[in-house]
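Contents: one structure, followed by commentary.
When reading the values below, keep in mind they use all heavy atoms of this one structure, side chains included, and skip hydrogens, waters and symmetry mates. Just so it is clear, the model here is predicted, and its values are computed rather than measured.
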Amino acid sequence: MARARCIEVLPRRRGFTRRDSRAVLAPDLVERDFTAKAPNRLWVTDLTMIPTGEGPL
């Protein structure tokens, strides 16, 4: 698809986000408990932004 110019190929960023060890942690307001009591009762997602030629998705 990149050859057909349907998409723009962007270089992959290296590394990952590093937490500042001096920063104060935010409180866990949603009480993250990822224990499901039964199948299909708890869904989790990752909101990763994907850069594109027209802007992030």
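Applying the side-chain contact (heavy atoms from CB on, under 4.5 Å) criterion to Asp28, with sequence neighbours excluded, gives Val30, Arg32. Contacts of Arg22 classified as salt bridge (Lys or Arg N to Asp or Glu O under 4.0 Å), with partners at least two apart in sequence or in another chain: Asp20. In this structure Thr45 satisfies the side chain to side chain donor-acceptor pair (under 3.5 Å) test with no other residue, sequence neighbours excluded. The side chain to side chain donor-acceptor pair (under 3.5 Å) check on Thr35 picks up Asp33, with sequence neighbours excluded.
Put simply, the residue from Val24, Leu29, Leu25 that forms a side-chain contact (heavy atoms from CB on, under 4.5 Å) with Pro27 is Leu29.
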